[in-house]
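Down below is the structure, laid out as structure tokens.
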6 protein chains.
Amino acid sequence: MTQNMNEMIERAKTLVEALPYISAFSGKTIVIKYGGNAMNDENTVRTIMQDVAALKIVGVKPILVHGGGPEINSMLSRVHIEPQFSGGLRVTDEKTMEIVQMVLAGKINKNVVSLLNTLGVKAVGLCGKDAGLIKVKKYSPNGTDIGYVGEIVSINEKLLEALTGDYIPVISSIGADEAGVSYNVNADTAAGAIGGAVGAEKLIFLTDIDGIRSKENDPTTLISRISVGEIEDMIESGAIKGGMIPKVRGCIDAIRHGIKSVQIVNGTIPHSILLELFTDSGVGTMVTA
Amino acid sequence: MTQNMNEMIERAKTLVEALPYISAFSGKTIVIKYGGNAMNDENTVRTIMQDVAALKIVGVKPILVHGGGPEINSMLSRVHIEPQFSGGLRVTDEKTMEIVQMVLAGKINKNVVSLLNTLGVKAVGLCGKDAGLIKVKKYSPNGTDIGYVGEIVSINEKLLEALTGDYIPVISSIGADEAGVSYNVNADTAAGAIGGAVGAEKLIFLTDIDGIRSKENDPTTLISRISVGEIEDMIESGAIKGGMIPKVRGCIDAIRHGIKSVQIVNGTIPHSILLELFTDSGVGTMVTA
Amino acid sequence: MTQNMNEMIERAKTLVEALPYISAFSGKTIVIKYGGNAMNDENTVRTIMQDVAALKIVGVKPILVHGGGPEINSMLSRVHIEPQFSGGLRVTDEKTMEIVQMVLAGKINKNVVSLLNTLGVKAVGLCGKDAGLIKVKKYSPNGTDIGYVGEIVSINEKLLEALTGDYIPVISSIGADEAGVSYNVNADTAAGAIGGAVGAEKLIFLTDIDGIRSKENDPTTLISRISVGEIEDMIESGAIKGGMIPKVRGCIDAIRHGIKSVQIVNGTIPHSILLELFTDSGVGTMVTA
Amino acid sequence: MTQNMNEMIERAKTLVEALPYISAFSGKTIVIKYGGNAMNDENTVRTIMQDVAALKIVGVKPILVHGGGPEINSMLSRVHIEPQFSGGLRVTDEKTMEIVQMVLAGKINKNVVSLLNTLGVKAVGLCGKDAGLIKVKKYSPNGTDIGYVGEIVSINEKLLEALTGDYIPVISSIGADEAGVSYNVNADTAAGAIGGAVGAEKLIFLTDIDGIRSKENDPTTLISRISVGEIEDMIESGAIKGGMIPKVRGCIDAIRHGIKSVQIVNGTIPHSILLELFTDSGVGTMVTA
Amino acid sequence: MTQNMNEMIERAKTLVEALPYISAFSGKTIVIKYGGNAMNDENTVRTIMQDVAALKIVGVKPILVHGGGPEINSMLSRVHIEPQFSGGLRVTDEKTMEIVQMVLAGKINKNVVSLLNTLGVKAVGLCGKDAGLIKVKKYSPNGTDIGYVGEIVSINEKLLEALTGDYIPVISSIGADEAGVSYNVNADTAAGAIGGAVGAEKLIFLTDIDGIRSKENDPTTLISRISVGEIEDMIESGAIKGGMIPKVRGCIDAIRHGIKSVQIVNGTIPHSILLELFTDSGVGTMVTA
Amino acid sequence: MTQNMNEMIERAKTLVEALPYISAFSGKTIVIKYGGNAMNDENTVRTIMQDVAALKIVGVKPILVHGGGPEINSMLSRVHIEPQFSGGLRVTDEKTMEIVQMVLAGKINKNVVSLLNTLGVKAVGLCGKDAGLIKVKKYSPNGTDIGYVGEIVSINEKLLEALTGDYIPVISSIGADEAGVSYNVNADTAAGAIGGAVGAEKLIFLTDIDGIRSKENDPTTLISRISVGEIEDMIESGAIKGGMIPKVRGCIDAIRHGIKSVQIVNGTIPHSILLELFTDSGVGTMVTA
């Protein structure tokens, strides 16, 4: 029984530590953006959704925002459309956009919704076209026409505010322009803009890296808390480089939208969301103003 | 000016006649099911949506339910799947269901939503998987396995009740079973079940016929009001037959779900919804208990 | 049926045009002042009250303000009091005031209330003495004592705000001074002051003329919209003159009380209120800031 | 100072005695019917209205109901109409009714309203025609046509309930039939019916007698509390007779309308309402079930 | 009966005079500090509590604050602790403080609560330790350590505001510091600080003197109303001196806490609270800004 | 990092397990009775209060009920009163009761309140005399007069319901009879009656034993869940005996008051309350209907 008692005491410590966090986040909105590799493994997705459902159950108001690269490409290939990219962005002609919308809003979105619904919560699948949620205008980087790629003009957060009390909104990153035409929108950017509009307490980017490291290849140099200014210094000094730059830019944007803190978390660590929110040490890197 | 004055008096009469109806329907929920040929012509769709938006503007709470036969077939053919039918019902294997869901919930649904949003109202696109809206079980007519075709088990109307105050819900007739698996659901049946669950004042079936006629081929024999009992007599006597039978069965089901009246209206007549609701004479056939 | 169909399309157009106006005026307060010749013909009064009741039914909050010249004179003659006027204003001694109050608040007012109540709405008859609705002080134009003629000091709109949700207030233009003594008040002025106090959307002067004309005797020169400044120019140029001047002064006063627009409408045109409010073209002349 | 101290102690006793009554009646509705001789003396009327205002100020919800015999006769004589009576009831032809309505609703009512308004409260003058307050049908005692004399069919208490929070309703005992035609109604009967409809705690008949006496001519035999059954016994035995019978019948009717107690109080005793309500001994006679 | 009638008229006058005060104080918070000799006589305490209960019954929100000198000394002597004083203040070591707390919060407080509860109201006994009601820091006059004597740092009025609707809070003048340690607090000071925090309309000091006199030994020179400035003049001139000085200082402090008026009342006069609040003349001395 | 990762996974498991319990108990009332040896050790008391504060922080509504045997005896001895017992119950004469009340309501109660207040929550100390919380009558077991020992007649839960939203009520087990006289009440019984009255989800008896064992001296036979019927069987069979009998009787009584489950928990195990409520296995014995 002594071993058991030690274990009980550890569990009690975890609870004593967690309860004030649970109380503090209760009633607060947390936007979670997931995508990329975190979406490929069914077990990982299920564990993530268990965390999201658990948050909802203790009164947190989660909002999910998702993209869907790999599945879009797979469907494009089934209808014999060759994906095209320009400067890292998908060139999205009308036929491509039709497939993007169907895959994001018709497949991935509604399947995540169904998964959450089997976990004891109620999710509602939306895209940026619903109730004018994401209003966009055509985005032409440096004047290049890359088709139906949108730049966010405004977020209509009313619908989300009406839903987050009882439901978990799951949002595909598609927007519409004034005429109702669909546009592809970067999911990281959409998550930041939505989080700002709803006054989110926190934005969590679920990725497949552990966070920002001071030395790129040394996992022991993981930074647990960093300011926007420090990130900019690290970019300038070259400590942050390559594929990491767009990720941290997304964090900086979100902070500028007024979100209090942005978290880069490795979605492949089991229950990383709960550990991040409800333990003193947390996991991943927290970016603050 | 006298001609103008006569015209003014006619308009005044129309208003005096309409105002009590407008008041009576204000705050009431009306489910509108549209589909089939009414969806093919862009002008017809736009006129219908103008009516729906106009209803919303004067305080009626419309809910749209749609199917989508022709577009599904076209997409199936693009991915080289041969549509199969058994006893008039689509045999829906897993790959077919994936396409059905993408076309209904990802394409048609979100495009109608966008169209309504350009008309000064706010629409939200849902399918039966959202928030457990349409719970189904597998439907096997006479024991025949026709795949993912669902029979409605329950409707969770909570989400609709939260939305109809400010938004127009637009619903794809897809459901999910307990495990979250998607099923195809007949849109007429879904409209009746939803109308019953939300306590709808009226269900309008927008079709491409004018209503029920006592003599099938004689347009002057259009019946403007008929009871469930009288319909059953006409079916027995053979006065209603063929393709008309499923339509009137849908009406009878809806009445049994507790909807006060069901209206068969020709959606290709411009503004048929407004004329039906807000004039003494109406258009089409009203079915009552 | 084609003729019928054309007629149906005309009616649909009327409805499509009217619905946004109905929605826009719903919940708004509209003050309607009627009096003079519009009160003499029983049919005209009944048609006006039908319009008022119809407004109420679709959610508009009408307030009626009335005067009552001819009936007052008739009653004065029955009790052998000779009406006296000074500068167009009734010289109102104590015995005259007693009759004025009985005729306005005891006869005309309560009879209009009864008429409205038979049309499916609920009206409540008030005068300016009720709940301090119209507080006045003695009005002595150029120092001339013309008896109990009052100048409005303040409006207590609380009672009206409590009533307009469920009832139609019908108000006799009588006021009381600090000591509770009754005074005769000009009904046009009272309507403007009340409209300003309740934040009315619109004030409608029901008269027996069609509105303001640019050429007095040419009905084809009816002006459908005019600003306060333009009216003042027309007075200066002599285009508006004689008995028309007090009417347009009433409009200008009302605009200065903060009412958005004032409408001069010919109450003898059947349903002129509905046509004015719910059609694009309207009838009569709209005066705006 | 000792004399003063004794006086202070008496006042303290009065307060200690009164406070629980004040609390008990606060928020309760009390209908006060006054008329007849109590209306003739200006000082008496003012003292009564001071009591009514005082009640309002401490949270009681008073409703006044009044008749107006003497003033009606005086006005009828001014317009040369000879008052006619049949079996104690005024024969009320159309011309008489017009005068009755003007005097009650246009003169007495509004003047009482003004008096109350000068005492720091807000009163609203109504008659039974307002908002369908008193619906009547023609009353023909024993088949005799006595003109526009009404029998109460129903009370619409909604308007009173909306007003009693902030205002003192003052009600002229006139009613309207289905067609909106005016009828004269007995004020005692109207007070009882109104009290029953609003669930009044108490109905006070302000008269010019002290209450019911066991021996008619002996003031020392005033009965302070009596039941309906005991009154009926006294009528049968002849102890109550003559003009007292209609008064006690009014009390019995009111009790049958569900009012808890009815009070006959001499309105000419200064502040008799306050003394009746807020002292242990009270004044007058209380009638209970 | 005439004698009785005169008495009735006197009582009516008392009521007419009192009702507006009752209305004016209804819903207002009044802090009553009692202590000293007023607590020694059981009859006096009972009469005071009857007044407090009567106030509650007519909607006033009384808060009682009490000290308890004599009973503390008696208990100290039972446990063989010698009371010690320094500069008029009790030197309060730990063992003394334990007794002080038990006597105030455990005996006097709960017994007053019980007494009030037998008078038809509901009282709740609190001390400054409850819900952080009175936060203190150690008070060392001129650097002298006199033990657990506290100086008020803050009042947490939330709990009082939650209770005063339905209950009468009875408060022992004990506070706690940040670490939760108990301190003795002067009851007059506590009453002033609490009254300021809850926005009390009035603070009544129940003492055993009649109020402030312009000539100390001449009861006919009782001042019924005095300003803070005038008191300071009287202190300077020596007209107020000795034991009277701390009492008037308490009044001045309370006024500075924002209480509108402070009343010094002789608690041994029967029903002095009611007479003070509900008569024109009042008793005692009112101190205002 | 792997060791750390294992630890993290354990903590995640604890959280995943706990969150639904936290959600389920949020908003629910839990009565915790503590006393006896659990009150003697300062560290134990502090750990218990940390748990109580933690419950409050995550939305549970705890109510504490306490007794206080040892401290009462110590105070009695200081004032030279010899404790007397009869049949296991304290014989409580008037002087004893005075001390019991001072120690419970004036010392223990307010000190627990202060401790909780330093832990970031707000506690309010009450006894059964406050607001008629515990109404009692004299209890004379088998006719023996044992003085001021009370039997509970009724609980007035209104005050608790008003406080549990924001505060933690801490209740001394003293009651008052109709005349306001104090009585000593058994704390276990009081906790059960209070729990029943407030509709508590659970009652926790914090004791110094681990729970009910099937073999009294074998700690491995701890029963984690038992029904009232099974307890009665064990009493009959002698498996439960001696000092354990009153404890389980208290559980049975509480269940009969309508509390869903009663928990016997060893208060000396650190954080036993949190472990009991928020882990699957729990600690101690749960008694259910």
Side-chain angles (χ1 to χ4, degrees), chain B residues 1-2 4-27 46-60 62 119-121 210 218-222 265-266 268-284, chain C residues 1-2 4-27 46-60 62 119-121 210 218-222 265-266 268-284:
Chain B
M1 195 176 176
T2 32
N4 183 34
M5 187 52 71
N6 280 340
E7 197 192 302
M8 287 310 262
I9 287 171
E10 284 308 307
R11 299 179 74 177
K13 277 188 196 159
T14 297
L15 289 172
V16 167
E17 187 181 311
L19 292 178
Y21 289 111
I22 292 170
S23 169
F25 284 117
S26 185
R46 170 166 287 270
T47 314
I48 290 171
M49 294 308 151
Q50 282 172 340
D51 281 14
V52 171
L55 289 186
K56 184 76 193 166
I57 284 166
V58 290
V60 179
L119 296 171
V121 291
D210 285 351
D218 181 354
T220 67
T221 65
L222 184 67
V265 171
N266 189 339
T268 64
I269 300 177
H271 301 299
S272 51
I273 298 176
L274 295 189
L275 292 171
E276 172 48 39
L277 292 176
F278 298 151
T279 65
D280 287 341
S281 56
V283 296
Chain C
M1 193 174 174
T2 34
N4 183 34
M5 188 52 72
N6 279 341
E7 196 192 303
M8 287 309 262
I9 287 171
E10 283 310 305
R11 299 179 74 177
K13 276 189 197 160
T14 297
L15 289 171
V16 167
E17 189 181 310
L19 293 177
Y21 289 111
I22 292 169
S23 169
F25 284 117
S26 184
R46 169 166 288 270
T47 314
I48 290 172
M49 294 308 152
Q50 282 173 341
D51 281 15
V52 171
L55 289 187
K56 184 76 193 165
I57 283 166
V58 290
V60 179
L119 295 170
V121 291
D210 285 350
D218 181 354
T220 66
T221 66
L222 183 68
V265 171
N266 189 340
T268 65
I269 301 177
H271 302 298
S272 51
I273 297 176
L274 295 189
L275 291 171
E276 172 49 40
L277 291 176
F278 297 151
T279 66
D280 286 342
S281 55
V283 296

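Computation of the quantities below employed the complete heavy-atom set of this structure, encompassing side-chain atoms and omitting hydrogens, waters and symmetry-equivalent molecules. Letters go in sequence order (proteins before strands), and every chain restarts at 1. On a predicted model such as this, the values are computed, not experimentally measured, just so you know.
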Inset, instruction - Answer whether the closest heavy-atom distance between the side chains of Pro270(C) and Met8(B) falls below 4.5 Å. - result: no
Inset, instruction - Mind jotting down which residue pairs meet the salt bridge (charged side-chain N to carboxylate O under 4.0 Å, His left out) criterion with at least one end in residues 13-26 of chain B? Sequence neighbours excluded, please. - result: Glu10(B)-Lys13(B), Glu17(B)-Arg11(C)
Donor-acceptor contacts, no H, no angles, side chain residues 19-27 of chain B, under 3.5 Å, sequence neighbours left out:
from	atom 1	to	atom 2	distance (Å)
Tyr21(B)	OH	Asp280(B)	OD1	2.6
Ser23(B)	OG	Ile57(C)	O	2.8
Ser26(B)	OG	Val58(B)	O	3.4

Legend entry - Contact class of Thr220(B) relative to chain C, heavy atoms under 4.5 angstrom: neither
Inset, instruction - Below 4.5 Å from any heavy atom of chain B, which atoms of Ser272(C) appear? Answer side chain, backbone, both or neither. - result: neither
Legend entry - Interatomic spacing from OG1 in Thr14(C) to NE2 in His271(B) - rounded to 0.5 Å: 11.0 Å
Inset, instruction - Compare every heavy atom of Leu274(B) with every heavy atom of Leu15(C), then report the nearest pair and how far apart it is. - result: CD1-O, 4.2 Å
Legend entry - Note, Gln50(C) side chain near Val16(B) side chain (heavy atom, < 4.5 Å): no
